[in-house]
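Take a look at the structure below.
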Protein chains: 2
Amino acid sequence: MSESEPKRSAAVGVRARARAELVAEITRSARTQLAEHGAAALSLRAVSRDLGMASSAIYRYFSSRDALLTALIIESYDSLGAACEAAEALVDRGDLLGRWRAVCHAARGWARANPHEYALIYGSPVPGYAAPDDTIDPATRVPVLLLALLADVAAQREERQVEPEPVSPLLATQLQAMRHVAEVDVDDRLLLEGVGAWTLLFGLLNFELFGQFANTFDDADELFGHQVDAAGTRLGLIPTD
Amino acid sequence: MSESEPKRSAAVGVRARARAELVAEITRSARTQLAEHGAAALSLRAVSRDLGMASSAIYRYFSSRDALLTALIIESYDSLGAACEAAEALVDRGDLLGRWRAVCHAARGWARANPHEYALIYGSPVPGYAAPDDTIDPATRVPVLLLALLADVAAQREERQVEPEPVSPLLATQLQAMRHVAEVDVDDRLLLEGVGAWTLLFGLLNFELFGQFANTFDDADELFGHQVDAAGTRLGLIPTD
DNA sequence: CGAAAGCGAGAGCAGTGCTCTCGTTTCGGA
DNA sequence: TCCGAAACGAGAGCACTGCTCTCGCTTTCG
C-alpha cells in the first residue's frame with residue numbers, strides 16, 4: 001500500500017512520471033494529426049518525428065498503431081459524451097423536449113467540429129479491428145444519457161395509460177438488457193421509440209458528414225431540426241410544460 | 001468468338017478489346033480483395049500480382065488507387081440498388097407496406113452479405129476523397145426507388161386531406177430539388193417523413209454493421225423489422241389493401 | 001551493490017503508392 | 001503499304017509506412 005520510507009522521496013518515481021507525460025504527449029500529437037488529416041493518415045512515424053524521438057520508441061508506450069487508435073477512440077467517445085451531457089445539463093429538468101433537442105444539437109455540433117473524430121467512432125471500423133472492452137464504456141455515454149431522458153419521460157406521463165407493445169421474447173430480452181445498462185425503467189414501447197430516435201440521430205449525422213446529403217441538403221440545419229423535433233414528438237415530448 | 005471478320009475486329013480493335021478485358025479483370029480482382037479484406041487493405045500491387053503483371057502496368061488502366069476505389073464504389077452502389085429494385089419489383093404494386101419492407105430487408109440483406117462494400121459506400125469517406133460525378137447517379141438508385149414509392153403513397157391516399165406542413169423557404173427549396181431528382185409529386189409532409197425513413201434505414205444498418213448495437217442487439221433481426229414497420233406506419237402504410 | 005527491468009536510438013525488413021525509363025507492340029493517317 | 005505516334009508491360013527506384021530486433025544506457029528495486 002504505502003511506501004512510507006522513501007529515502008529520497010521522489011514522489012511517484014521520475015520514470016513513472018516521465019512515462020505518463022510521454023503517453024499524454026503522444027496522444028496529443030496523434031490527436032492533432034487525426035483532427036487534421038484523418039485516421040487513415042495517422043502515422044506513428046510522424047508522431048515520433050513530431051516529438052523528436054525514434055519511431056521505435058513509440059512502441060514502449062503503445063504496442064501498435066491500433067492501440068494508439070484505440071486511445072483516440074476512447075477520447076473521442078468521451079469528448080462527444082461530455083459535450084452532450086454538458087448541453088443537456090443546462091436545460092430545465094422538466095423541459096423534456098428541450099433536453100432531447102439539446103442532446104441532438106450538441107452531438108451535431110461536436111460532430112461537425114470534429115469530423116475526423118466522428119468518423120473514427122461512427123464510421124466504418126478498421127477491418128481487423130475489434131473494439132477492446134475499454135471502449136464500450138465511453139461509447140455508452142450518449143445512449144445512457146438518452147435512457148435517463150426516457151426514464152423521465154416515462155415518469156412524467158405515468159398517469160396516462162399506455163397499452164403495452166407486443167414484442168417477441170428475444171426482443172424483450174434485449175430491451176431488458178438495455179434497461180439494465182442505465183438502470184432505468186422504461187416500457188417496451190417507449191424504449192423502442194427511443195432506440196429509433198437514437199438511430200435516427202446518428203443516421204442524420206452520418207448522412208450529413210459522410211456526404212449522402214450532398215447536392216440535396218448541403219445545408220442540413222433545418223432538415224436536422226425538423227427531424228429531431230419529429231422524433232421528439234414521437235417520444236411524446238411536448239413543447240412546453 | 002471468331003476472328004474471321006477483320007473489319008469488325010479492326011473497328012473494335014484488338015487493343016481496345018484487350019483494354020476493356022483488362023479493366024474488367026482488374027476490377028474483378030480488386031472486388032475480391034475488397035470483399036475479403038476491406039477497402040483499407042486493397043493494394044494495387046496485390047492486384048497486379050494476382051493478375052501476373054507489373055504493378056506499374058495497373059496505372060495504364062487506373063490513374064491511381066483512388067480511381068480504382070471509385071470504380072468499386074460505383075459498382076457497389078449499383079449492386080445495392082439492383083438488389084433493392086429487384087426485391088421491390090416482386091411485390092404487388094398496391095401493397096405499399098410490402099414494397100417498403102422489401103426495400104429495407106433487401107438493403108439489409110445486401111449489406112450483411114457485402115459488409116466491406118457497404119462500409120465503402122456508407123462508411124467514413126477517405127479523407128481527401130471527393131466523390132466524382134460518376135458516383136452520384138448510382139448513389140441515388142435507392143432514394144429514387146423510395147421516392148417512387150412515396151409518390152404511390154401520395155396517389156393512393158389522395159382523397160384524404162392532408163394539411164400542409166409549414167416549412168421554411170430553404171427547406172422547401174431543398175425538398176423541391178429532391179422531388180426533381182425522381183420527377184415525382186409528393187407533398188412536403190410525406191417527403192420529410194420519407195427522408196426520415198430513409199435516414200433511419202441506413203442508420204440502423206450503420207449501427208448494426210459498424211458494431212454500435214454490439215452487446216445489446218447482437219441479433220438485430222427483430223429490432224430491424226420492428227423499426228422498419230414503425231417507419232412504415234409513419235409513412236401511412238397499412239398492412240393490407 | 002548488483003541484477004533486472006525500462007528505455008531510446010538505430011538498423012533493418014517487408015510492404016505500400018506512385019514515377020520514370022526503356023524496349024516492344026499496335027494503331028491510324030499518308 | 002509504310003511509318004511515325006501512341007499505347008503498352010516490365011523493371012528499377014523513391015519516399016513512405018508499421019513493426020522487430022539489437023545494443024548500450026539509466027532507473028528501479030531486492
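Letters A, B, ... mirror the listed sequences (proteins, then strands); counts begin at 1. Quantities reported herein were computed from a predicted structural model and do not represent experimental measurements.
The salt bridge (charged side-chain N to carboxylate O under 4.0 Å, His left out) test applied to A/Asp78 returns A/Arg141, not counting sequence neighbours.
No donor-acceptor distance shorter than 3.5 angstrom exists from the side chain of B/Glu88 to the backbone of B/Cys104, with no hydrogens or angles considered. At distances below 3.5 Å, at least one donor-acceptor pair connects side-chain atoms of A/Ser76 with backbone N or O atoms of A/Leu72.
Here the closest non-hydrogen pair linking A/Ala87 and A/Val91 is O-CG2, 3.7 Å. Shortest non-hydrogen contact noted between A/Ala197 and A/Trp100 is CB-CH2, 3.6 Å.
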Within the 4.0 Å limit for protein heavy atoms, which parts of nucleotides 14-23 of chain C are touched? Write it as a string from 5' to 3', B for base, S for sugar-phosphate only, - for none.
--BBBBB---
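When rounded to the nearest whole Å, the span between CG of A/Leu68 and C1' of D/dC19 equals 14 Å. To the nearest angstrom, P of C/dT25 lies 16 Å from CE of B/Met53. Rounded to whole Å, the distance from CZ on B/Arg17 to C1' on D/dA7 is 18 Å. Atom pair B/Leu51:CG and D/dC8:C1' shows a separation of 15 Å (rounding to whole Å applied).
Across all strands shown, A/Tyr61 has heavy atoms under 4.0 Å from sugar-phosphate atoms exclusively, and none from any base.
The nearest heavy atom of DNA chain C to A/Gly52 and to A/Arg15 marks one nucleotide each, and the one closer to the 5' end goes with A/Arg15.
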Which is it for B/Arg45 and B/Arg49 under the side chain to side chain contact (heavy atoms under 4.5 Å, CB included) test, yes or no, and what are the steps along the way?
CA-CA 6 Å; B/Arg45 293 181 112 108; B/Arg49 281 194 299 269; 3.9 Å; yes
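Between B/Trp198 and A/Phe207, the ring planes are tilted. Angles from 30° to 60° get that label. Taking the six-membered ring where tryptophan is involved, the planes of A/Phe202 and A/Tyr118 are essentially parallel, since the angle between them stays under 30° and well short of 60°.
Within residues 19-27 of chain B, the residues having any heavy atom closer than 4.0 Å to DNA chain D are, in order of number, B/Arg19, B/Leu22.
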